Protein chains: 2
Amino acid sequence: MTTIKDVARIAGVSIASVSRVINNGPKVSKATIEKVNKVMQELGYTPNANARALVTRKSMTIGVVIPELTDPFFASLASGVDKVARENNMQLLLSTAGQSVESERAAINLLLERRCQTVVMHSKIIPDCELITLCEKLPGLVLINRHIEQIKHKCIWLDNEEGAKIAARHLMTLKHKNIACISSKYQIEDPALRLNGFSAELNMAGSPISPALIKYAEPTLQGGQSAAQNLLASGQPFSAIFVYNDAMAIGAISTLEDNGYKVPGDVSVIGFDDVLIARYSRPKLTTLNYPIEKMAQHAAQLALTHFKNEIVESVSHSEHKYLPRLVKRESTSIKNSP
Amino acid sequence: MTTIKDVARIAGVSIASVSRVINNGPKVSKATIEKVNKVMQELGYTPNANARALVTRKSMTIGVVIPELTDPFFASLASGVDKVARENNMQLLLSTAGQSVESERAAINLLLERRCQTVVMHSKIIPDCELITLCEKLPGLVLINRHIEQIKHKCIWLDNEEGAKIAARHLMTLKHKNIACISSKYQIEDPALRLNGFSAELNMAGSPISPALIKYAEPTLQGGQSAAQNLLASGQPFSAIFVYNDAMAIGAISTLEDNGYKVPGDVSVIGFDDVLIARYSRPKLTTLNYPIEKMAQHAAQLALTHFKNEIVESVSHSEHKYLPRLVKRESTSIKNSP
DNA sequence: TTGAAAGCGTTACCAC
DNA sequence: GTGGTAACGCTTTCAA
């Protein structure tokens, strides 16, 4: 590869001058600029980002830690960060973390080795205290979808509980009384929060949810199918279901229809997340929109701000909580009079 | 940040020794290893990957160039490359390229600056000749979903035409005679190849496709809906549709059903790609599986091989063509006797 | 088995 | 305006 030295030699100027041209430095004559640019062109010179990072101590990269890329939810997250990176002439360094503490640690470590001072991390496994420590070592770290009180100004998260309450109100507005729930048996936090919020709201309205109408399964299409199966098998009457996520909701709908129930005619179904498939299902899914891409952009901006130390009081003390938005589509409707 | 010097000083050994410990170098006494490891631990030392890349001239990264991340197809591509990267202790450097020549060039350039010698690129815009030149500069470059004869040993692509033929045969096996097509009006290559293959196969079977039964639209859900609308409005009879991709196929199905046609009862619909939504639609979509993640893994491996110069005759002369696989689900069935 | 020292390709400071 | 040069943090000879 040609280096800055080659360019300098052939252009007949010093290395320093070439560097100035590259960086639009001040005090360079037009003649030099043109001469150098011409030589760089001819030689196909490409500056070495590693060398630059070494001396400037700036890697010009934004890191993202996510469990995996194939889940559209995480792809959107990464995409949001990517947008901010591009706006700031930085590049995306992706580190997939899988599902274990060790691999989450390894993922963040790779970013540290690359001296990536700005990172957006989605971590559900590493314990709070460890993340708090990490934040000191890496000021430009922002957590997404996790709320840790001590570092809340570096956390961007969604109010799952409130989202569930919105869903509850929506279904009650539609006159539903016997409402079932399908929840996930994994991931401690989110499912629990959603279920809590939902039943709290029903309690408040004076029509508590019947324990027999809560089913747990894998958070997948198949999980939704089997949970709906169980619900049907229970013999309990219900006219609506609040489902943990969209994939399960679509699974539930397919089971319901296979058993002769119309959605939303006989049973209303509401999902959560508003991922891609929600718009492609039939009936189109009513769900709660989780603005993950927007949140990720916010997170990246915030990480940049923290890294640059431009923290003002307003930022360092404010919470960054998002609220899901109800998206009414076709899978919920007013209760049929029986 | 603590450096190798700090570690050396505190451990009371030379920089060279610390380096040897870090790299599991040969000829280091057990005592030194332990001493150094202890100090590294205490200091929370993290080696600087940029400095290492500079001196070793190896960046330990695999680059990926894709138009965007939110399309599940490209997310799978990136994910395939990521898997290979992890297996080889390398990291993913992602460069999104958007939809213009300039931004495709910029994307690859960022990778060059980072001295990323292994890259998998999805490019539909940059002209062949430019890519051929680029391949000389970047021996570890592999193109995915593009076939350029002069560098075919560095191309991994899918046989779109043959895929379309498989679809045609499937529909003919199901006794369909009047078959419609919905194609995309964008992206020069893929849609044309698919349509060509499809009509060629029907021609061979002696029942050429009627031009009135070919509609073009945006390659989206909405595009599929409007194309199906047009098809219905044409008044021409048809009992099956070959659709450019899954999103359009699902759009077409919704329009058909909204107009009282049952799928597959009245009309069979077959998609292409087998992306996530194909499994979530109702009826589940019959489609052609495009093994993009597997292809991406292959591409990454191949890029690694080319970079390491481990090219053997068999690799440098063979084609890397993939065939889509028919996935029979619920949206196609044998033609109803009218 | 260990250490000294010469780079790797840049930037940035300091003279001129 | 321009050029010389000391870092940046690390690997890798080469001697000892």
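Per chain, numbering begins at 1; letters A, B, ... match sequence-line order. Note that the coordinates shown come from a computational prediction; the quantities given were computed from them, not determined experimentally.
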Whole angstrom is fine here: how far is it from NZ in K58(A) over to P in dT10(C)? 18 Å
Treat primed atoms plus P, OP1 and OP2 as sugar-phosphate and everything else as base, then score nucleotides 4-16 of chain D 5' to 3': B for base contact with protein heavy atoms under 4.0 Å, S for sugar-phosphate contact only, - for none. B---BBBBBB---
So the salt bridge (charged side-chain N to carboxylate O under 4.0 Å, His left out) pairs with at least one residue in residues 66-84 of chain A (sequence neighbours excluded) are K83(A)-E293(A)
If you round to the nearest 0.5 Å, how far is CD1 of I62(A) from CD of Q301(A)? 8.0 Å
Could you state the atom-to-atom distance from CZ of R9(B) to C1' of dG3(C) in whole Å? 17 Å
R105(A) bridged to E130(A) by N-O distance under 4.0 Å: yes
Pairs where residues 32-42 of chain A contributes a residue and the test side chain to side chain donor-acceptor pair (under 3.5 Å) is met, not counting sequence neighbours: S29(A)-T32(A), K38(A)-E42(A)
Between N23(A) and R52(A), does any side-chain donor sit less than 3.5 Å from a side-chain acceptor? yes
Strictly by modelled atom types, are S123(A) and E104(A) linked by a side-chain donor-acceptor pair under 3.5 Å? yes
Ring pair (Phe, Tyr, Trp, His ring centres under 6.0 Å) between H153(A) and H306(A), intermediate numbers included: CA-CA 10 Å; H153(A) 54 295; H306(A) 278 286; 5.6 Å; yes
Hey, what bend do you get for the helix from dT1(C)-dA16(D) to dC16(C)-dG1(D) if you fit axes on five pairs at each end, rounded to 10°? 40°
Identify, with sequence neighbours excluded, every residue that meets side-chain hydrogen bond (donor to acceptor under 3.5 Å, both in side chains) alongside Y45(B). none
Would you say the side-chain atoms of S79(B) and S76(B) include a donor-acceptor pair closer than 3.5 Å? no
Distance only, no hydrogens: is a donor on one side chain within 3.5 Å (strictly under) of an acceptor on the other, for Y290(A) and N160(A)? no
Between CD of E113(B) and C1' of dC8(C) the distance, given in whole Å, is 17 Å
Residues touching DNA chain D, which here means a heavy atom under 4.0 Å, drawn from residues 24-38 of chain B: none
